[in-house]
Novice: 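Below is a structure I'd like to ask you about.
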Amino acid sequence: MNINTDMTKLEFQPSSKRERIKKIQSKGNKKLQITIAQYTDETMNEYKETIKMIAL
């Protein structure tokens, strides 16, 4: 979301139903750090955390 214009743009979408976005952080003007929970069981109780960096 651009806070100056209130416009939104999809930059990242989880690749499976077992992924959830936990946190998004700005890393300078041109990068986002996305912390993702990748669930390893059917009940979605256990997960491993991964971090992806995307350029804007």
Side-chain angles (χ1 to χ4, degrees):
M1 173 184 245
N2 183 327
I3 60 171
N4 295 320
T5 64
D6 284 336
M7 299 295 293
T8 59
K9 178 178 158 185
L10 181 64
E11 293 289 341
F12 176 81
Q13 185 168 354
S15 59
S16 77
K17 292 180 181 180
R18 289 190 180 189
E19 284 187 350
R20 299 290 184 262
I21 296 173
K22 290 185 70 178
K23 181 172 34 171
I24 299 174
Q25 292 179 292
S26 174
K27 294 295 181 181
N29 287 339
K30 300 288 181 182
K31 290 185 181 180
L32 291 177
Q33 178 179 308
I34 303 171
T35 305
I36 301 167
Q38 292 179 316
Y39 291 93
T40 57
D41 64 339
E42 289 290 325
T43 58
M44 297 179 82
N45 290 324
E46 296 181 21
Y47 65 90
K48 65 178 184 174
E49 218 173 77
T50 59
I51 295 176
K52 292 187 180 184
M53 295 290 287
I54 61 169
L56 301 175

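Keep in mind it's a predicted model, so treat the numbers as computed, not measured.
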Novice: Residues in side chain to side chain donor-acceptor pair (under 3.5 Å) with N29, at least two apart?
Specialist: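 Once residues adjacent in sequence are excluded, N29 has no partner under the side chain to side chain donor-acceptor pair (under 3.5 Å) criterion.
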
Novice: Suppose we screen for side chain to side chain donor-acceptor pair (under 3.5 Å). Which residues come up paired with N4, at least two apart in sequence or across chains?
Specialist: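 Residues passing side chain to side chain donor-acceptor pair (under 3.5 Å) with N4: none at all.
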
Novice: Identify each donor-acceptor pair in which a side-chain atom of residues 17-26 lies under 3.5 Å from a protein atom, sequence neighbours left out, and give them as a table.
Specialist:
| residue | atom | partner | partner atom | Å |
| --- | --- | --- | --- | --- |
| R18 | NH2 | E42 | OE2 | 2.1 |
| E19 | OE1 | S15 | N | 2.9 |
| E19 | OE1 | S15 | OG | 3.4 |
| E19 | OE2 | S15 | OG | 3.4 |
| E19 | OE2 | Q38 | NE2 | 2.8 |
| R20 | NH1 | K17 | O | 2.7 |
| R20 | NH2 | K17 | O | 3.4 |
| K22 | NZ | Y47 | OH | 2.9 |
| K22 | NZ | E49 | OE2 | 2.7 |
| Q25 | OE1 | Q33 | NE2 | 3.4 |
| S26 | OG | G28 | O | 3.0 |

Novice: For I34 and I54, run side chain to side chain contact (heavy atoms under 4.5 Å, CB included): C-alpha distance rounded to whole Å, both residues' side-chain angles, the deciding distance at 0.1 Å, then the answer.
Specialist: CA-CA 8 Å; I34 303 171; I54 61 169; 3.9 Å; yes

Novice: Does the side chain of K52 reach to within under 4.5 Å of the side chain of I36, using non-hydrogen atoms?
Specialist: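 The answer is yes, as the side chains (C-beta and beyond) meet within the 4.5 Å cut-off.
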
